[in-house]
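Heads up, the thing below is written out as structure tokens.
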Amino acid sequence: MRLGLERGQGLQRQQLSHAMQSLPPLPGPANGTLVVSPSRRPQQQQNLLFPCYPGAASRVRSSKRLHVGGNNNNSNSLHNGLPELTASPCVAYRTSRLVSADAAAGSGSGSASGELQEKRVGSAEAAALLLPDGLSPEALPRHVAVIMDGNARWARARGLPVSAGHEAGYRSLKQMVKLSRRWGIRVLTVFAFSSENWLRPKAEVDFLMMLFEGVLRENIGDFLREGIRICVIGDSSKLPNSLQKLAREVEEATRNNSQLDLIVAVSYSGRRDIVRACQRIADKVKNKLVDPEDITELLFAQELETNCTTDYPYPDLLIRTSGELRLSNFLLWQSAYTELFFTRTQWPDFGEIDYLEALCSFQNRERRFGQRDV
Amino acid sequence: METHLIQMYMRLANEFARTFDSLFHRIQSSMILKFILGLFWHLLHIAVSLVHIWSYVIQQLRCYIISSGLFAKYRNFSLSRLRYLAVIVDSQEAKHTAKIKQLLSWLSAIGVKHVALYDAEGVLKKSIDFGQTRLRDRSAGTCLDGDVNCVTSLCNYEEMSIELLSFTDGKEGIAKAASFLCSDYLKNDSDDCGRTETLFTEANMTKALKAVGYYGPEPDLLLVYGPARCHLGFPPWRLRYTEIMHMGPLKSMKYSAIVKALYDFSKKYQNYGS
């Protein structure tokens with residue numbers, strides 16, 4: 001609705017803003033959480049019930065207008081840093097802090113190029129500035145795992161070839177990496193290809209291998225620029241030699257990055273992960289580094305493949321799309337205390353709204369990690 | 001002069017009147033705007049509350065209909081695919097043994113034959129008493145994969161076999177199996193010098209788990225009762241393709257929810273990744 005925010009009506013804008021702040025929040029599972037339908041197509045996003053005030057989008061526009069006339073680079077980068085706001089008005093961002101951060105940075109540094117927050121996000125506080133309303137930065141999961149299921153079903157539902165589904169899935173993955181990076185998620189593990197997927201038709205498997213290679217080549221620049229560290233886990237011996245070599249090169253090139261650890265599970269099996277850990281321990285036993293009687297759960301955990309990320313090897317939240325309710329041999333050991341979030345949305349349709357729903361669900365759960373409340 | 005002054009005063013008065021008028025109109029329009037906005041917000045508030053109330057009523061109605069058996073599909077569905085059911089209970093709620101026994105009675109009434117009960121801290125193992133307990137030797141290793149009789153600790157309750165599990169049966173069990181494998185590997189290595197490097201397989205690990213007494217069949221369905229939707233350390237080796245359904249807290253468990261979960265499971269199709 002038009003709220004009369006034309007230039008020159010400063011008094012009305014302030015009164016409106018004051019009126020908006022005095023209104024009560026909407027009811028729901030928790031203030032600021034999304035009320036969404038189980039499955040969604042992109043065109044249905046406009047039918048969602050809003051968690052925030054209806055005028056939040058106009059508040060964003062008004063704050064953007066307040067910034068017009070300032071440093072051009074800053075205003076452009078503000079606009080570039082918030083492209084999704086106009087596309088999905090049901091999500092309100094904390095723009096007031098964005099504006100003040102931008103103003104402070106603009107006055108200090110003079111001209112800022114590139115996107116507003118992407119270069120400056122080097123601290124938890126900066127990442128929290130880009131969080132949508134309803135999410136608290138302290139309660140965000142540090143490690144998110146995703147089973148990207150539903151590409152083939154998505155394509156079949158549209159009469160498209162399966163390869164189109166996988167390509168659409170790649171676009172969803174790209175967006176999820178971008179959002180995770182923006183919101184300060186430290187580790188993102190994605191289940192790209194399981195050991196059981198080798199049983200699929202050869203044409204599909206070959207296409208997937210080519211897609212993985214293309215994705216790594218195409219995005220190596222982005223990984224380096226965004227500070228994303230890549231780690232490929234799984235039985236690499238079954239992968240094509242070119243993909244093995246490229247994966248090693250990308251891992252080496254991004255070894256020192258620290259903003260986001262992206263673990264890509266290709267030809268991965270949770271059981272095989274456990275067996276390989278056992279094999280490594282056996283090698284240590286053979287080399288007299290460990291006694292068989294000293295093998296404990298802790299020692300075992302250190303030998304798992306997900307320990308390539310040293311900070312948070314166990315996922316806090318695991319998301320599976322397309323409505324299936326199982327782990328399918330993914331992170332069996334690591335997921336003991338992982339919050340499981342199952343959604344009926346197919347992976348190519350999984351977007352920012354769905355990700356927010358998963359994060360809100362995570363924040364609303366009572367997780368005791370096996371301990372009692374004191 | 002006086003006329004001039006009067007005209008000036010009148011002009012001033014008109015100016016004041018115009019200013020107050022526009023100010024009054026502005027205040028009035030902002031008050032109207034505020035009223036409209038507030039009304040719209042409260043209407044939205046009411047609409048969302050109505051939606052929540054409606055969905056709650058529908059849910060309660062569905063529970064009643066399922067419990068009373070009015071829908072034939074919820075009375076007559078096949079449990080042939082459900083060979084083994086696992087139930088995870090939050091350790092704090094596991095102390096309510098009456099609730100646990102009621103849950104088991106419901107499962108037995110539906111026709112479930114084999115159940116694994118798990119809680120992370122082992123409260124169920126300590127507190128629950130099924131009267132007749134049948135324990136197996138942990139070193140028994142001659143059983144087929146997936147065979148329920150391979151389970152090392154079985155109880156009988158209302159025509160069901162119940163397996164009680166805790167955190168020690170999960171990761172610790174795998175660590176002990178690894179220790180067994182490594183000891184065996186060392187022993188064979190010292191007996192046969194120069195042997196090429198042994199590669200462990202999943203079959204080796206399965207045999208080792210059986211040997212140390214921590215083997216059990218993979219559940220087809222896992223019902224999680226607790227505040228969080230986690231499997232809380234259930235033996236990871238057995239969770240490969242298990243369907244996981246979160247049922248909410250044990251204190252608010254419903255017979256209709258169990259029937260619906262089993263019915264939904266009976267309709268599931270798994271392609272196991274292929």
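Sequence lines set the chain letters: A, B, ... in the order given, protein chains first and strands last, and positions in each chain run from 1.
When heavy atoms are compared at a cutoff of 4.5 Å, Phe167(B) approaches chain A solely by way of its side chain, counted from C-beta outward. Of the atoms belonging to Glu204(A), not a single heavy atom falls under 4.5 Å from chain B. If you measure heavy-atom distances from Ser195(A) to chain B, you find no contacts under 4.5 Å at all. Only the side chain of Lys268(B) comes within less than 4.5 Å of a heavy atom of chain A; its backbone N, CA, C and O stay farther away. Contacts of Ser183(B) with chain A are made by both backbone and side-chain atoms, with heavy-atom separations under 4.5 Å. For Phe341(A), the parts lying near chain B are the backbone and the side chain together; criterion is any non-hydrogen pair under 4.5 Å.
When the candidates Ile244(B), Leu222(B), Leu181(B) are compared by the number of heavy-atom contacts under 4.5 Å with chain A, Ile244(B) comes out ahead. Chosen from Leu239(B), Ile174(B), Asp119(B), the residue pairing most often with chain A at heavy-atom distances under 4.5 Å is Ile174(B). Of the residues considered (Gln334(A), Arg276(A), Glu324(A), Glu293(A)), Glu324(A) shows the highest number of contacts with chain B, using heavy-atom pairs under 4.5 Å.
Here the side chain of Glu202(B) pairs no donor or acceptor atom with the backbone of Val275(A) at under 3.5 angstrom.
Annotation: side chain of Leu107(B) is in contact with side chain of Ile258(B) (closest heavy-atom distance under 4.5 Å). Between Thr343(A) and Arg320(A) the shortest side-chain heavy-atom distance does not fall below 4.5 Å.
In the displayed structure, Arg153(A) atom CZ is contacted under 6.0 Å by more than 12 heavy atoms of other residues, nucleotides or ligands.
Using the six-membered ring where Trp is involved, Phe193(A) and Trp198(A) have ring planes that are perpendicular, over 60° apart on the 30 and 60° scheme. Using bins of under 30°, 30° to 60° and over 60° for the plane-to-plane angle, the ring pair Phe300(A)/Trp333(A) lands in the parallel bin.
Ion pairing between a basic and an acidic side chain is recognised when a charged N comes within 4.0 Å of a carboxylate O; Glu121(B) and Lys126(B) show no such pairing.
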